[in-house]
Amino acid sequence: MSAAVMTESVPLLTVEDLVLDFRTRSGMVHVLDGISLTLDRGEILGIVGESGSGKSVLAYAMMGLLDPAAQIPRGGIRFAGRDMLTESERSLAETRGREIAMIFQSPRTALNPIRRVGAQVQDVLLRHANVSKKEARKRAIAALARVRIPDPERRFDAYPFELSGGLCQRVMIAMAMACNPYLLIADEPTTGLDVTTQAVVMDLIREQVRSSNASVVLITHDLALAGEYCDRIAVMHAGHIVEIGGTEAMLSAPKHPYTARLIGATPGGHESIRDLASIPGSLPDLRRDLPPCRFIDRCERRLDCCATDALPSVNLGADHIVRCWNPL
Amino acid sequence: MTTAIMEAVRLVKRYPTGGGMLHAVDAVDLAIQPGESVGLVGESGCGKSTLVRLLGRLIEPTEGAIVFEGQDIAPLPLRRFVHDKARGRIQVVFQDPTESLNPSLTVFDTVADPIRRLGNPGGRQSLAAQVRKAIALVGLPPEMETRLPHQLSGGQRARVGIARAIALRPSLLILDEPTSALDVSVQAVILRLLADLRSELGMSYLFVSHDLNVVRLLCSRIVVMYLGKVVEEGPTEAMFRQPRHPYTRALLASIPDPARRGHTPWRLEGSASSPIDPSPTVCRFYGRCPRQEDRCAETMPELRAVGSDGVHRAACHFAEEISA
Ligand SMILES: Nc1ncnc2c1ncn2[C@@H]1O[C@H](COP(=O)(O)OP(=O)(O)OP(=O)(O)O)[C@@H](O)[C@H]1O
Ligand SMILES: Nc1ncnc2c1ncn2[C@@H]1O[C@H](COP(=O)(O)OP(=O)(O)OP(=O)(O)O)[C@@H](O)[C@H]1O
Ligand code: SF4
Ligand code: SF4
Ligand SMILES: [Mg+2]
Ligand SMILES: [Mg+2]
């Protein structure tokens, strides 16, 4: 099947009109609505957006990891042509280990708490490369060194609770990279890292991707980081992708009102906290019947049709798509 | 000169690990004045969260004093401190909200719990009002009250952690990376909330963050740590305008910038030296420092005043020569 992963004729990943709801005691929560995107080989796609807008849930869905309370009434996800939503759990587990790797938003809880961190990296290498235990240990230490963990020979034996948040994050990154995946899904991979370490780790991820023609989905709140490393950026708001396009166009000339507000709220060069824009209002209650545009209550560009007509997909050229009746 | 609300004196935390002693926090002095907001930054793994846990008395210091509102709380055994009245006056927002929330408590009960134990819950209605207020202040919609942690996004969990800490209206709020899981708009809400709480209640903050732009907005003073030690501290603007320690300089130079896309800018070479049994006579930054000389491997630089204001201090032999 690796053959299919390599074939250029099928896109590496496609998400098509995906709808996802969660059952809760207080009703259905409509978390993803009509999500569509295509990921090419060798591409770094950034996903940014409001807290709670569905970025992590989408990432989990791409991995075929779904909460038992999740329901998918519509849509599909294909990885190298295979349907991730109907694939058997066994074959999914296989794919996850070999072809898709994920860096989770909360790294310490994603690591095995009672196994030494070096051994956890070593385990991945033993599964993936046909090497001796001794060689795998050597490579694991080198992998820890590459993510700038000081004194990797001795830190090899540390347990997750003995590491700082950022050190755990880097162990997780080392494990994900050790798989040499075709697709790396990184959910806020560097939130625990200072900017100097972040730069080194992001360079490393980019290098590996470029050299093996792999792809990355980078979920981040840091627009500057997305701007520096991503080829394309998708902006999510309340379960919709409201805008997607090439990084430069998105950041310099955003078209969706939400994207523009998001960029405006980024600190940097602001005089004071008072000057910092935020976006009035909050995420709508996702249990209700929602209007076609979920940003409507917070939008000063709304038109009458925004409340009634299904959202358009406006292609502005160069695959810059905005879902809005009155884009900037 | 006001007296500090919190003062750490020669604070030390070491952990025995395989093959030696890990120096997580190494003779740190730190004072926070009432109503002051201090930013703590530094390389991942340099000891920030350990310092946070020491000041919040969640772990035992190896050596040193922690003076909170005039009382040395360092010698109090952890079990006693849990019931000490100081406990409610220092609140900590933890770095990883997923780890620090009880998975079986709803959002409401998570926020209510410290009010019940350490605050003034009053009757059922008074408690509910306090909880709802805290939840609303952090920008969480009311329908989240009945959710369990696993039903929340990362940023929603982080806000529950903040709501829990501010609900008690502590005099010192210690926040460990409180906004790293938040989008910039929600982050703006939280930063404004923190600024308001400070001006209304005179709350003091220790604010740990990797986001230097955020620290610059919120904090009047910055403390920079490197491998267990404070290497520079001073007023925020002075630190940005004229960093005196080579590490601080490197940190400021690495703030991500979309204008650099596709180019690999200058990077700090090598990784930090080991936190396990570091040499007491070698500068902690030696081996990575672009400015280093032989002297740096022979004498550990002490933190000392640089410049004329007396409050900007750096631990580098050549601090006077370093400029942005
Ligand atoms: N099991 C669940 N039951 C009900 N709602 C859920 C469940 N899991 C997630 N949600 C809701 O789904 C929405 C999307 O969550 P998700 O974790 O994908 O957000 P996110 O975009 O990753 O946000 P963040 O940036 O804060 O991590 C949130 O509003 C969250 O409250
Ligand atoms: N319980 C422990 N046992 C042994 N070592 C520990 C323990 N807790 C922390 N350490 C070590 O102490 C050092 C400082 O960790 P700390 O969590 O304070 O770093 P940090 O500055 O908060 O880093 P980050 O920015 O990555 O969160 C690290 O080397 C860490 O591995
Ligand atoms: S569709 Fe209408 S309401 Fe929605 S963002 Fe566009 S202009 Fe605003
Ligand atoms: S003392 Fe020497 S090694 Fe240390 S920071 Fe200064 S120049 Fe660099
Ligand atoms: Mg998330
Ligand atoms: Mg930490």
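Convention: sequence-line order gives letters A, B, ...; per-chain numbering from 1. Note that this is a predicted model, so its numbers are computed, not measured.
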Original post:
Can you name the nearest heavy-atom pair linking B/Val208 to B/Pro178, along with the distance?
Top reply: O-CD, 3.6 Å
Subject >> Aromatic ring pairing A/Tyr258/A/His237, orientation class (parallel under 30°, perpendicular over 60°, tilted between) >> reply: tilted
Original post:
Which answer fits A/Ser106, side chain, backbone, both or neither, if we ask what part of it has an atom under 4.5 Å from a heavy atom of chain B?
Top reply: both
Original post:
Would a distance-only check, ignoring hydrogens and angles, find a side-chain to backbone donor-acceptor pair under 3.5 Å from A/Arg294 to A/His240?
Top reply: no
**OP:** Among the options A/Arg108, A/Gln105, A/Arg155, pick out the one with the most heavy-atom pairs lying under 4.5 Å from chain B.
**Re:** A/Arg108
Original post:
Which pair of non-hydrogen atoms, one from A/Ile241 and one from A/Ala234, has the smallest distance, and what is that distance?
Top reply: CG2-CB, 4.2 Å
**OP:** Could you look at A/Arg261 and say if it's the side chain, the backbone, both or neither that has a heavy atom under 4.5 Å from chain B?
**Re:** neither
Subject >> Aromatic ring pairing A/Tyr159/A/Phe161, orientation class (parallel under 30°, perpendicular over 60°, tilted between) >> reply: parallel
Subject >> Portion of A/Glu162 that has a non-hydrogen atom of chain B nearer than 4.5 angstrom >> reply: side chain
Subject >> Charged tip of B/Lys13 within 45° of B/Tyr15 ring normal and under 6.0 Å >> reply: yes
Subject >> Between CD1 on residue B/Ile222 and CG on residue B/Leu40, distance to nearest 0.5 Å >> reply: 10.5 Å
Subject >> Which portion of A/Asp157 sits near chain B, non-hydrogen atoms under 4.5 angstrom >> reply: neither
Original post:
Can you name the closest pair of heavy atoms from A/Ile44 and A/Tyr229 and give their distance?
Top reply: CD1-O, 3.5 Å
Subject >> Side chain / backbone / both / neither for B/Leu22 at chain A, heavy atoms under 4.5 Å >> reply: side chain
Subject >> chain B contact via A/Glu188 - side chain, backbone, both or neither, heavy atoms under 4.5 Å >> reply: side chain
Original post:
Looking at CZ of B/Arg241 and CG of B/Leu252, how far apart are the two atoms once the value is rounded to the nearest 0.5 Å?
Top reply: 12.5 Å
**OP:** Could you check which of B/Ser185, B/Pro97, B/Ser274 has the highest count of heavy-atom pairs closer than 4.5 Å to chain A?
**Re:** B/Ser185
Original post:
If only atom types and distance count, is the side chain of A/Glu207 paired as donor or acceptor with the main-chain N or O of A/Leu204 below 3.5 Å?
Top reply: no
Original post:
A/Lys55, A/Arg25, A/Glu50, A/Met202: which one forms the most heavy-atom pairs within less than 4.5 Å of chain B?
Top reply: A/Glu50
Original post:
Top residue by heavy-atom pair count (under 4.5 Å) with chain B, among A/Cys168, A/Ser26, A/Gly165, A/Gly192?
Top reply: A/Gly192
Subject >> Between B/Cys46, B/Ala272, B/Gly20, the one whose heavy-atom pairs under 4.5 Å with chain A are most numerous >> reply: B/Ala272
**OP:** Mind checking the CG-CG spacing from A/Leu144 to A/Asp151? Nearest 0.5 Å is all I need.
**Re:** 11.0 Å
Original post:
B/Ser49, B/Gly42, B/Ser180: which one forms the most heavy-atom pairs within less than 4.5 Å of chain A?
Top reply: B/Ser180
Subject >> chain B contact via A/Val29 - side chain, backbone, both or neither, heavy atoms under 4.5 Å >> reply: side chain
Original post:
Which one, B/Leu182, B/Leu194, B/Val189, B/Val186, leads in non-hydrogen pairs under 4.5 Å with chain A?
Top reply: B/Leu182
Subject >> Between B/Ala195, B/Pro141, B/Ala181, the one whose heavy-atom pairs under 4.5 Å with chain A are most numerous >> reply: B/Ala181
Original post:
Is it the side chain or the backbone of A/Asp187 that comes within 4.5 Å of chain B heavy atoms, both, or neither?
Top reply: neither
Subject >> Interchain contact, A/Thr191 with chain B, by part (heavy-atom threshold 4.5 Å) >> reply: both
Subject >> Partner of B/Lys48 under side-chain contact (heavy atoms from CB on, under 4.5 Å), chosen from B/Arg53, B/His210, B/Gln95 >> reply: B/His210
Original post:
With chain A, which of B/Arg192, B/Glu177, B/Gln187, B/Met144 has the greatest number of heavy-atom pairs at distances under 4.5 Å?
Top reply: B/Arg192
Original post:
Heavy-atom distance under 4.5 Å between the side chains of A/Thr247 and A/Glu228, does that happen here?
Top reply: no
Original post:
Between CD of A/Gln208 and CD1 of A/Ile173, what distance do you get to the nearest 0.5 Å?
Top reply: 11.5 Å
Original post:
Just checking heavy atoms, which of residues 147-159 of chain B are less than 4.5 Å from chain A?
Top reply: B/Arg147, B/His150, B/Gln151, B/Ser153, B/Gly154, B/Gly155, B/Gln156, B/Arg159
Original post:
For the residue pair A/His256 and A/Phe295, does the interplanar ring angle fall in the parallel (under 30°), tilted (30 to 60°) or perpendicular (over 60°) class?
Top reply: tilted
